[in-house]
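In this chain, numbering begins with 1 at the start of the sequence shown.
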Amino acid sequence: MRCAELIRVSTTKQNLPRQQAIVSDIARRLNAEIVHSIKLKGISGTIVHEEPEFIRLMQEHDNGNTIDALIVPEDDRLIRSDTYLLFALEELRRRNIKLISQDGNPRDLGDSRQRLLVLLNAGIGGIEREDIQKRFFSGKERKRKLGMHVGGPKALTMGIIWDKELEMYGTNELMDIVRKMFIGFDNGNTNYSDHARAAGITLRSVRNILTNETYIGIRNYTEKRGLEKHNRRWAPQYDRKKIKRTPEEIIRVKIKFKEGKPPIDRELFDRVQLRIKNKSTTYEQGHQKRDSRFLFHGFIYCQDCQVPMYTVCGRRSGEKYLHDYYKCKLHRRKPVSVKPICIGDNPKRIELENEVMDFLSALTSSEQFRKRLIKGIKSYIAQSTKQGEGLKLNQEKIKIQNKLNRLADLYIDGNIPADHLKKKELELTKDLNQIDAQLSMSDNKSVSMIEKFIEMISETGMITSKICILPRNEIRAFVQNLGISFYVKGKSLSAFSIAGYKIGTPMGRDSWHSKG
């Protein structure tokens, strides 16, 4: 009998000899010839059927290198999940390959009784896997609360090590770099870039190091592994995404160093935290001043990329003085050798803002232009509502109706009681009524939008006066309340939108038409 063997362990630290001995004993008792061997190390017991070696075995069987049976030490070595086991068993059943485990009896997977026995063993293996995980994670949490380190070297901050023999924390040669960083920051050098270049690390790492309480003898566990895994072929426990702990789950413990005391003094650490706080406050103040310096900061978008444009100060080649610019977000180049996505021009702040002000003046002062604008807004919003929001609401309505039909089927089949059916029907009917109300209101949305637009213009007195004589804060309030956005192509204003509805191009004001 020609057979293949499958041996698997979940971690790279486990060994295979025990399972190899079991498989060899089974093959000897059955006088089986092992023609193919699959040895998986560090592979989860849930997706063995997706492993390249298992897929290659099935392909070789189809190409003529047939086998009669697959030998595994235990059934849970093939799979530890009743859900994914169905896929693996189907691969074997279609090819008439029997499954042999520790008892040495070949199981014909075409027989429903024998296939059910394998499924039961896999379900038991899945329950055992969950119990192992619970014991594993509860043990790690217990060690953390005792101040012990349960992760790998990468889980420790720069300069800190874990001595397994002494079961205490220690320091290495990188700690000298960290001390220089703390002392330099305390002496007034608060530039993250200088410290990053000196230490050979990233800017974010500098701040993480300077705010890490491990250096003063306190370990904070504010994150844990979530249930969601990364999109990879195999994902062990340490490959799951990290999530924030709730305030009740945060573990804060005092740790000991084999040197006798923490590497950084508490007074030095507190002074550095105060400097970091002041540095952040200063940065936020400077960031807030940008709105007053750049009049339309946050309202300018790139026509080509449809992304917000940020503000930058620089000097063009051959010019003596500095200028402020609006720049597309996708025009950034990090590193410089990388070609930017957007290759458009960067308009000067003064030139672009003057052009926008002229457009707003024409928008609010010209009665003829205002009438054409309102006509275009009505046409565009009516079309957008019909094609966009109305379609979306109708799709939601169909989903709720399908849920009602499924509930009725479940009640007829006796899967849900009558009181549960009545409760769910009331909830879904309430949702249907809300959608119907929104559909009826969407027809009047264009009218309310025009009324709001006219009201804003009348309140600010912009129909008879130029907008440019108003204070800057009133201009920003007018633009923000109406939801006006401006689109730039090249160096000039190209289009604009109101409340998310793109109306048209302001460049051809004299040739405005209703379609925008």
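- For Arg28, the salt bridge (charged side-chain N to carboxylate O under 4.0 Å, His left out) partners at least two apart in sequence or on another chain are Asp25.
- Using a cut-off of 4.0 Å between Lys/Arg side-chain N and Asp/Glu carboxylate O, Glu213 and Arg219 are scored as not salt-bridged.
- No side-chain donor from either of Thr222 and Asn220 sits under 3.5 Å from a side-chain acceptor of the other.
- The aromatic rings of Phe185 and His195 sit tilted, their planes meeting at an angle between 30° and 60°.
- The salt bridge (charged side-chain N to carboxylate O under 4.0 Å, His left out) pairs that include a residue from residues 92-102 are Asp62-Arg95, Glu90-Arg93, Glu91-Arg94, Glu91-Arg95, where partners are two or more places apart or lie in different chains.
- Counting only heavy atoms from C-beta outward, the side chains of Tyr221 and Ile250 never approach each other to under 4.5 Å.
- In the model, His36 has a side-chain atom that pairs as donor or acceptor with a side-chain atom of Glu60 under 3.5 Å.
- A salt bridge links Arg144 with Glu141; the closest basic N to acidic carboxylate O contact falls under 4.0 Å.
- Looking only at atom types and distance, the side chain of Glu259 has a donor-acceptor partner in the side chain of Thr171 under 3.5 Å away.
- A donor-acceptor contact closer than 3.5 angstrom links the side chains of Tyr215 and Thr157.
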Stepwise side chain to side chain contact (heavy atoms under 4.5 Å, CB included) test for Leu210 and Phe182: CA-CA 7 Å; Leu210 293 175; Phe182 272 93; 4.1 Å; yes

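- Not less than 6.0 angstrom separates the ring centroid of Phe299 from the ring centroid of Phe486.
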